[in-house]
Amino acid sequence: MIRNPPRVVVRRDAGIWALQAALDRRGLGPVAGVDEAGRGACAGPLVVASCVLKPKDAARFEGLTDSKLLTAAARDRMYDVVLARALDYAVIVVPAAEVDAIGVHVANIEGMRRAVARLGDHPGYVLTDGFRVPGLTAPSMPVLKGDRVAACVAAASVLAKVTRDRIMSGLHEELPVYGFDVHKGYCTAVHTSALEEHGPSAEHRWSYANVASAAIRHGLEPPHRVARSVAAIGVVQNGAPPVAGAAGLATRRGADSMITRAEA
């Protein structure tokens with residue numbers, strides 16, 4: 001039976017450790033945090049991490065917060081601290097081909113399930129960043145901006161972000177024309193320009209409309225299966241809606257044609 005967290009006093013002076021501490025005090029530990037990196041990118045893998053921190057270990061994690069708010073140097077330092085101090089952690093890498101096959105949201109949910117399942121010790125409770133994750137093997141609760149208010153979620157975000165950034169830097173060595181070492185696969189102006197000039201690579205997410213559109217212009221077909229049901233009308237990037245108009249219609253028609261060929 002799924003247990004909701006009991007009503008307990010969350011001490012404000014505990015800061016980012018307050019929620020975990022409240023659950024631990026009621027015997028619901030160990031508490032695992034789960035977060036992802038790369039959901040909004042149009043190239044590279046989705047990386048999901050889970051992490052369990054020691055209760056009352058806050059002094060060793062000074063500056064721990066959402067990985068996106070840290071500098072690269074601070075993230076690397078915190079990454080090393082998490083690896084050294086965490087009670088348990090797991091990191092799951094979901095390749096771009098799998099994201100294209102099942103869709104980014106499904107891939108994210110499945111990655112979170114895998115990350116929890118691969119922990120060495122079964123958690124007593126799981127905190128997820130932002131939305132509910134069905135099918136977890138432990139009671140769970142979504143936390144709005146969890147990587148800023150729950151230490152274990154913030155630690156998971158650091159693990160996921162640093163792992164993914166290092167993967168993208170490695171891909172830059174193989175595919176230097178795209179500048180993955182700078183934008184890490186997100187839809188910046190530099191990345192868009194490279195897509196328009198060179199077309200997408202096998203490391204791009206061909207279910208995303210901007211990638212599909214660039215492929216059509218270059219006469220390229222997907223190197224892996226792209227499920228029709230997850231073909232994107234627009235790129236999920238910072239909440240930006242797809243561009244409407246004739247160009248958008250052309251992209252949809254071209255993407256449908258390309259995806260049909262991929263499924264055949």
Side-chain angles (χ1 to χ4, degrees), residues 36-48 68 92-112 114 160-161 163-264:
E36 55 75 26
R39 181 183 176 96
C42 66
L46 178 71
V47 177
V48 185
K68 296 184 292 296
I92 305 298
V93 178
V94 184
E98 186 173 346
V99 173
D100 282 337
I102 63 177
V104 67
H105 183 66
V106 175
N108 195 14
I109 294 292
E110 179 60 25
M112 290 184 169
R114 293 179 200 170
K161 173 68 173 167
T163 299
R164 187 177 187 280
D165 282 357
R166 292 178 180 180
I167 290 173
M168 297 309 295
S169 294
L171 289 177
H172 173 72
E173 300 299 319
E174 302 174 21
L175 302 163
V177 297
Y178 297 104
F180 288 149
D181 60 327
V182 176
H183 54 68
K184 305 301 189 290
Y186 288 89
C187 302
T188 65
V190 170
H191 192 183
T192 298
S193 177
L195 267 175
E196 291 175 352
E197 181 177 356
H198 303 287
S201 71
E203 300 298 336
H204 281 85
R205 299 178 187 173
W206 293 62
S207 57
Y208 283 41
N210 64 329
V211 177
S213 180
I216 291 166
R217 288 195 296 272
H218 284 265
L220 300 175
E221 296 191 2
H224 49 249
R225 178 179 176 272
V226 179
R228 180 191 297 273
S229 61
V230 304
I233 296 301
V235 178
V236 180
Q237 174 63 19
N238 296 329
V243 178
L249 290 173
T251 296
R252 295 188 190 102
R253 291 169 185 154
D256 283 345
S257 174
M258 184 175 68
I259 291 162
T260 300
R261 291 197 300 271
E263 291 183 324

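Counting from 1, the numbers follow the sequence of the chain as shown.
Glu221 contributes atom CD, which lies 10.5 Å from atom CD1 of Ile216 (distance to the nearest 0.5 angstrom). Rounded to the nearest 0.5 angstrom, Lys161 NZ and Lys68 NZ are separated by 8.0 Å. Between atom CD1 of residue Ile102 and atom CG of residue Asn108 there is a gap of 10.0 Å, rounded to the nearest 0.5 Å.
For Lys184, the salt bridge (Lys or Arg N to Asp or Glu O under 4.0 Å) criterion is met by no residue, not counting sequence neighbours.
Side-chain atoms of His204 never come within 3.5 Å of backbone atoms of Gly185 as a donor-acceptor pair (strictly under, hydrogens ignored). No donor-acceptor pair under 3.5 Å is formed between the side chain of Arg205 and the backbone N or O of Val211.
Proximity of Leu175 to His198: side-chain heavy atoms (C-beta onward) are nowhere separated by under 4.5 Å. With contacts defined as side-chain heavy-atom distances shorter than 4.5 Å, the pair Leu195/Asn210 qualifies. At a threshold of 4.5 Å between non-hydrogen side-chain atoms, the residues His224 and Val226 count as touching. Residues Pro45 and Met168 have side chains in contact (heavy-atom distance under 4.5 Å, counting atoms from C-beta outward). Looking only at side-chain heavy atoms (C-beta outward), Cys42 and His191 come within less than 4.5 Å of each other.
Between Gly111 and Ile92, the shortest heavy-atom distance links the atoms O-CG1, 3.9 Å. Of all non-hydrogen atoms in Trp206 and Ala215, the two that sit nearest each other are CZ3-CB, 3.4 Å. Between Ala227 and Ala101, the shortest heavy-atom distance links the atoms CB-O, 3.2 Å. Nearest heavy-atom pair, Arg225 versus Asp100, reported as atom, atom and distance to 0.1 Å: O-CB, 3.9 Å.
Ring geometry, Tyr178 versus Phe180: the interplanar angle falls under 30°, so the pair is classed parallel (tilted spans 30 to 60°).
His172 and Ser169 form no side-chain donor-acceptor contact under 3.5 Å, judged by distance and modelled atom types alone.
For the side chain to side chain contact (heavy atoms under 4.5 Å, CB included) test with Val93, the passing option among Val48, Leu46, Ile167 is Ile167; the others fail.
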